[in-house]
Asker: 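Got a structure for you, written out below as structure tokens; questions coming shortly.
Both backbone and side-chain heavy atoms feed into the values below; hydrogens, waters and symmetry mates do not. These numbers were taken from a predicted model, which means no experiment stands behind them. Numbers here simply count residues along the sequence, with the first being 1.
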Amino acid sequence: LAETLVKIEKIERENINNPQYLRRRQIELWNLPSEITSKPDMKKDAAELLSLTGVAVDASDIDLCHKLKKEGQIILEFKNRDVRDRIIRARKNLKNKQNELSTRRCPKLSVVESICFEYKHLDFVCRQLKARQLLDSCWFFNRKLEIVDCDNAKVEICHINDLINK
């Protein structure tokens with residue numbers, strides 16, 4: 001029985017990591033006005049907004065761009081991971097660009113890493129544990145969910161068993 005459970009967990013981990021790996025070149029933009037999300041080609045507008053981070057982004061850097069189900073959200077896939085990674089590191093610079101964002105009608109723009117469903121669920125569980133003060137902190141960065149437990153140990157989480165065994 002124990003051997004079967006180990007095999008099942010291995011398959012589950014692969015089924016979680018594969019869709020997340022496919023998102024390695026993607027980010028999401030949240031809180032966009034309908035003037036941007038209703039356009040058939042949003043690449044130019046998205047590139048202009050992302051350039052406010054301080055990273056030079058051109059529409060040709062974006063491979064795919066389309067709306068998500070939630071209003072005001074789009075997903076972008078870049079041609080290479082380097083541009084995406086530079087944007088993720090520089091997104092904090094948007095805090096200093098409130099005037100420019102307000103004139104473009106998106107003062108609450110968020111640049112978010114694209115996370116598969118399974119990681120979103122793990123992130124939710126970790127945030128619930130943090131709210132109950134069972135974890136010190138949790139965050140998602142560079143396609144990895146990481147936590148700091150109450151003993152100050154930093155751990156990468158990619159399966160619910162990582163929390164249970166902790």
Side-chain angles (χ1 to χ4, degrees), residues 1-33 36-37 46 49-50 52-55 57 62 64-78 80-98 101 106-166:
L1 180 65
E3 186 177 310
T4 304
L5 291 175
V6 169
K7 286 180 182 178
I8 291 171
E9 182 180 334
K10 181 181 178 192
I11 291 169
E12 285 178 341
R13 285 179 184 274
E14 288 173 5
N15 285 337
I16 292 170
N17 290 332
N18 288 341
Q20 191 57 39
Y21 179 77
L22 293 173
R23 294 173 182 256
R24 69 191 180 278
R25 295 183 296 133
Q26 297 177 353
I27 61 170
E28 297 175 15
L29 299 182
W30 294 358
N31 303 317
L32 292 169
I36 293 176
T37 59
L49 286 170
L50 291 172
L52 293 174
T53 62
V55 176
V57 181
I62 301 170
L64 300 169
C65 178
H66 64 84
K67 286 175 33 171
L68 294 172
K69 287 182 183 177
K70 285 194 177 176
E71 184 68 32
Q73 293 185 3
I74 63 172
I75 188 167
L76 306 167
E77 183 165 295
F78 291 90
N80 68 60
R81 226 176 31 200
D82 181 54
V83 175
R84 178 229 176 249
D85 291 347
R86 284 187 283 137
I87 291 168
I88 291 295
R89 284 191 298 274
R91 65 185 167 182
K92 63 183 178 271
N93 297 334
L94 290 175
K95 291 178 184 173
N96 302 326
K97 303 290 182 173
Q98 289 307 308
L101 290 170
C106 47
K108 295 183 178 185
L109 175 69
S110 295
V111 177
V112 181
E113 292 191 63
S114 186
I115 305 172
C116 70
F117 171 79
E118 293 83 2
Y119 270 91
K120 284 182 183 178
H121 180 71
L122 282 172
D123 183 54
F124 174 78
V125 170
C126 288
R127 291 183 191 284
Q128 294 294 314
L129 292 172
K130 183 180 183 281
R132 293 182 186 154
Q133 298 180 343
L134 297 170
L135 292 179
D136 188 48
S137 60
C138 60
W139 65 93
F140 194 88
F141 185 75
N142 205 14
R143 301 176 317 275
K144 295 178 184 157
L145 180 59
E146 298 186 24
I147 64 165
V148 174
D149 64 15
C150 295
D151 298 328
N152 246 4
K154 184 177 173 183
V155 180
E156 183 179 318
I157 303 294
C158 60
H159 190 274
I160 197 74
N161 283 351
D162 297 338
L163 289 170
I164 294 168
N165 296 335
K166 185 71 192 119

Asker: Apply side-chain contact (heavy atoms from CB on, under 4.5 Å) to residues Leu49 and Cys106 and explain how you reach the verdict.
Answerer: CA-CA 9 Å; Leu49 286 170; Cys106 47; 3.6 Å; yes
Asker: Just how far is it from atom CD1 of Ile115 to atom CZ of Arg23, taken to the nearest 0.5 Å?
Answerer: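 Separation between the atoms: 9.0 Å.
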Asker: Measure the CD1-CZ distance between Ile11 and Arg13 for me, rounded to the nearest 0.5 Å.
Answerer: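 The CD1 atom of Ile11 sits 13.0 Å away from the CZ atom of Arg13.
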Asker: Applying side-chain hydrogen bond (donor to acceptor under 3.5 Å, both in side chains), can you list everything that pairs with Lys154, at least two apart in sequence or on another chain?
Answerer: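 If we apply the side-chain hydrogen bond (donor to acceptor under 3.5 Å, both in side chains) test to Lys154, skipping adjacent residues, the hits are Glu146.
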Asker: Hey, does the side chain of Asn80 reach the backbone of Asp82 with a donor-acceptor pair shorter than 3.5 angstrom?
Answerer: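 Looks like yes, one N/O pair under 3.5 Å.
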Asker: Are any side-chain N or O atoms of Arg25 and backbone N or O atoms of Phe78, one a donor and one an acceptor, separated by less than 3.5 Å?
Answerer: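 Yes; judged by distance alone, with no hydrogens or angles, the pair exists.
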Asker: Report yes or no: is the cationic atom of Arg24 (NZ for Lys, CZ for Arg) under 6.0 Å from the centre of the six-membered ring of Tyr21, at an angle within 45° of the ring normal?
Answerer: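 The answer is yes, since Arg24 meets both limits relative to Tyr21.
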Asker: Heavy-atom count around Glu71 CD within 6.0 Å, excluding the residue itself: above 12?
Answerer: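 No, the 6.0 Å shell around CD holds no more than 12 heavy atoms from other groups.
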Asker: Is any NZ, NE, NH1 or NH2 atom of the basic residue among Asp149 and Lys130 found under 4.0 Å from an Asp or Glu carboxylate oxygen of the other?
Answerer: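 No, Asp149 and Lys130 are not salt-bridged.
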Asker: Please determine whether side-chain contact (heavy atoms from CB on, under 4.5 Å) holds for the pair Lys70 and Glu28, giving the CA-CA distance in whole Å, both sets of side-chain angles, and the decisive distance to 0.1 Å.
Answerer: CA-CA 11 Å; Lys70 285 194 177 176; Glu28 297 175 15; over 6 Å; no
Asker: Taking side chain as C-beta onward, heavy atoms only, is Ile27 less than 4.5 Å from Ile88?
Answerer: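 Yes; the side chains approach each other to less than 4.5 Å.
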Asker: Determine whether Arg91 and Glu113 satisfy the following criterion, side-chain contact (heavy atoms from CB on, under 4.5 Å), listing intermediate values before the conclusion.
Answerer: CA-CA 11 Å; Arg91 65 185 167 182; Glu113 292 191 63; 4.2 Å; yes
Asker: Donor-acceptor pair, distance only, cut-off 3.5 Å: does the side chain of Asp162 make one with the backbone of His159?
Answerer: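 Such a contact is found between Asp162 side chain and His159 backbone.
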Asker: Quick one: CG on Leu50 to CG on Leu29, what's the gap to the nearest 0.5 Å?
Answerer: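 Leu50 CG to Leu29 CG: 5.0 Å, rounded to 0.5 Å.
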Asker: Checking the side chain of Arg86 only, and the main-chain atoms of Val55 only, is there a donor and an acceptor separated by less than 3.5 Å?
Answerer: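 Looks like no, no N/O pair under 3.5 Å.
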Asker: Using modelled atom types only, decide if a donor and an acceptor are shared between the side chain of Asn93 and the backbone of Thr53 within a distance under 3.5 Å.
Answerer: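 At least one qualifying donor-acceptor pair exists.
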Asker: Using a 6.0 Å cut-off, check whether atom CD of Glu156 has over 12 heavy atoms from anything other than its own residue.
Answerer: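 Counting neighbours around CD of Glu156, more than 12 heavy atoms of other residues, nucleotides or ligands fall under 6.0 Å, so yes.
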Asker: Search all heavy atoms of Cys126 against all heavy atoms of Ile147 and return the closest pair with its distance.
Answerer: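 Heavy atoms only, the tightest pair is SG-CG2, 3.8 Å.
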Asker: Determine whether a donor-acceptor pair (N or O, by modelled atom type, separation under 3.5 Å) exists between the side chain of Arg84 and the backbone of Gln26.
Answerer: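 Flag set: sc Arg84 to bb Gln26 pair under 3.5 Å.
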Asker: If you measure from CG on Leu109 to CG on Leu32, what distance do you get to the nearest 0.5 Å?
Answerer: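 It is 5.5 Å, given to the nearest 0.5 Å.
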Asker: Holding to side-chain contact (heavy atoms from CB on, under 4.5 Å), I want the full list of residues that pass it with Glu118, two or more places apart in sequence or in another chain.
Answerer: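 Partners of Glu118 by the side-chain contact (heavy atoms from CB on, under 4.5 Å) criterion, ordered by chain and then number, come out as Ile16, Pro19, Cys116.
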Asker: Taking side chain as C-beta onward, heavy atoms only, is Val148 less than 4.5 Å from Trp139?
Answerer: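 They are in contact (side-chain heavy atoms under 4.5 Å apart), so the answer is yes.
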Asker: Are more than 12 heavy atoms from other residues, nucleotides or ligands located less than 6.0 Å from atom CD of Gln133?
Answerer: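 No, because the 6.0 Å sphere around CD of Gln133 holds 12 heavy atoms or fewer from other groups.
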Asker: Working to the nearest 0.5 angstrom, can you tell me the gap between Lys7 NZ and Leu5 CG?
Answerer: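 It comes to 11.5 Å.
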Asker: Would you mind reporting whether Tyr119 and Asn17 have side-chain heavy atoms less than 4.5 Å apart?
Answerer: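 Result yes, sub-4.5 Å side-chain heavy-atom pair found.
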Asker: With side-chain contact (heavy atoms from CB on, under 4.5 Å) as the criterion, how do Asp151 and Asp136 come out once you've worked through the C-alpha distance, each side chain's angles and the decisive distance to 0.1 Å?
Answerer: CA-CA 8 Å; Asp151 298 328; Asp136 188 48; over 6 Å; no
Asker: Could you grab the distance from atom CD1 of Ile75 to atom CG of Leu64, nearest 0.5 Å is fine?
Answerer: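 Ile75 CD1 to Leu64 CG: 9.0 Å, rounded to 0.5 Å.
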